[in-house]
Amino acid sequence: MENQRTVADGLRIAVRALVYAVVGGAALLAIATVASVLGPTLALDLYTPPVAAWWTVFTAITVQGVPFLLLGTVVSAAIGAFVPERVFTRLLPRNQALAVPVAGAAGVVLPGCECASVPVAGSLMRRGVAPAAALAFLLSAPAINPVVLVATSIAFPGRPEMVLGRLVASLATAVVMGWLWARFGKQEWLRPPERHAPEARGVKAFGAGLQHDFLHAGGFLVLGAAAAATFNIAVPRSVLDLFTGSVWLSVLLLAVLAVVLCVCSEADAFVAASLSGFSPTARLAFMVVGPMVDLKLIALQAGTFGRAFALRFSAVTWVVAVVSSVLVGWWLL
């Protein structure tokens, strides 16, 4: 009887969370649609065409990104609630050098958002998975999962090389970072994740995870869309020409912008596509760096693994991601 009551409560929570997520997505779409209709009209009435352009860019990014954000958070919550971590311990080779690429490739079949990947990696370490393999999964899961790749293909129609470039550069970054940690990482840099009570599983955990992830990531999507629209409209073309005229400067600028904007990986392709003044390689760097290094991830890593780890790991990851993006961009784009 008690078990039946628990399942019923869990189902109610899951249904409520799904309703919240759907309603939240519909609300974002409705707001963006109204903004797209009224925003330009109001802007023109006020004789401010730049504001109308801002509304157009903001609406386009938000409307395109919300469906993939919702799908990504559903998949992430399902993985966290129904896939036990012992799956990894059984599938990963005991040899660290072999376990790292396997864990990195697992991001394709076991996706998760950036926020979820940090606690999942900590949970894997607590269950005996080598830190190098867990860190490779932490970087790859939010960067190369199917939702992200499909979103990238929609954001860059007719440009399959952008999807392939994102997959190759992100996976290469995750694997290289895993190998670097296996070779040079020191135990004193990595604070062991604290052991908590048994982690919640099942329908109840799915509902809670879905509600948290969608509301959390949705806020970053809106902020990212607003920041990208502001960047497109407010920054003078003369300033952009200083960066767009140089491949290296444009790559570095968007790599830094990815750290600051903190756009979720399910929607960052639409933000990157809106930055049309930059080279394909620079926009690729934006999509590769963002899911691996941004301000919220650095904070999450510092809280989970310690500040010494977060600062070192994030700095090296940023460098490896930029180099990987440049190499893959030179090869494919």
Side-chain angles (χ1 to χ4, degrees), residues 75-76 78-149 164 166-196 199 201 265 288-289 291-293 297-298 300-302 304-306 308-310 312-321 323-325 327-328:
V75 173
S76 175
I79 293 297
F82 301 115
V83 178
E85 284 78 6
R86 62 176 177 271
V87 171
F88 290 91
T89 58
R90 292 178 178 177
L91 295 179
L92 291 176
R94 294 186 177 181
N95 186 300
Q96 275 199 96
L98 297 177
V100 165
V102 173
V108 176
V109 294
L110 293 176
C113 70
E114 299 98 307
C115 300
S117 65
V118 175
V120 169
S123 181
L124 293 175
M125 293 182 194
R126 288 197 300 270
R127 286 161 172 77
V129 174
L135 295 175
F137 177 79
L138 180 152
L139 296 177
S140 70
I144 63 172
N145 69 68
V147 177
V148 169
L149 297 180
L164 180 60
R166 180 170 196 172
L167 171 64
V168 173
S170 299
L171 181 59
T173 301
V175 172
V176 168
M177 286 303 301
W179 281 337
L180 287 176
W181 181 264
R183 176 64 180 85
F184 300 105
K186 297 181 180 180
Q187 190 62 38
E188 58 266 26
W189 293 347
L190 182 62
R191 184 181 68 197
E194 298 178 2
R195 292 185 176 272
H196 302 284
E199 298 173 6
R201 291 287 173 188
S265 59
V288 173
V289 171
M292 299 184 178
V293 185
L297 279 176
I298 295 174
L300 285 170
Q301 291 174 9
T304 304
F305 305 116
F309 167 84
R312 291 181 174 89
F313 188 74
S314 297
V316 178
T317 300
W318 188 89
V319 173
V320 173
V323 172
S324 177
S325 300
L327 293 176
V328 173

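Quick note: numbers below take in every heavy atom, side chains included, and nothing from hydrogens, waters or symmetry partners. We count residues from 1, following the sequence as given. Just so it is clear, the model here is predicted, and its values are computed rather than measured.
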For [X] and [Y], work out which heavy atoms get closest and say how close.
X    : Y    : result
S170 : I144 : CB-CG2, 3.5 Å
A134 : V129 : N-CG1, 4.1 Å
P142 : V148 : O-CG2, 3.5 Å
A133 : A103 : O-CB, 3.2 Å
P101 : V175 : CA-CG2, 4.0 Å

Applying side chain to side chain contact (heavy atoms under 4.5 Å, CB included), name anything that partners [X], two or more places apart in sequence or on another chain.
X    : result
L180 : V176, M177, F184, V316, V320
A132 : Q96, V100, W181, A182
A308 : R312
V323 : V319, L327

(request) Could you point out which residue of L135, T317, V293, L138 forms a side chain to side chain contact (heavy atoms under 4.5 Å, CB included) with Q301? (result)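 It is L138, the one option of L135, T317, V293, L138 that forms the side chain to side chain contact (heavy atoms under 4.5 Å, CB included) with Q301.
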(request) Starting at CG of L149, measure out to CG of L167 and round the result to the nearest 0.5 Å. (result)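 Output value for this atom pair is 5.5 Å.
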(message) So, taking the atom named CZ in R166 and the one named OG in S325, what distance separates them when rounded to the nearest 0.5 Å?
(response)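 Rounded to the nearest 0.5 Å, the CZ-OG separation comes to 10.0 Å.
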(message) Is any side-chain heavy atom of L139 closer than 4.5 Å to one of F313?
(response)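 Sidechains of L139 and F313: in contact.
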(request) Would you mind reporting whether S324 and V288 have side-chain heavy atoms less than 4.5 Å apart? (result)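 Result no, sub-4.5 Å side-chain heavy-atom pair not found.
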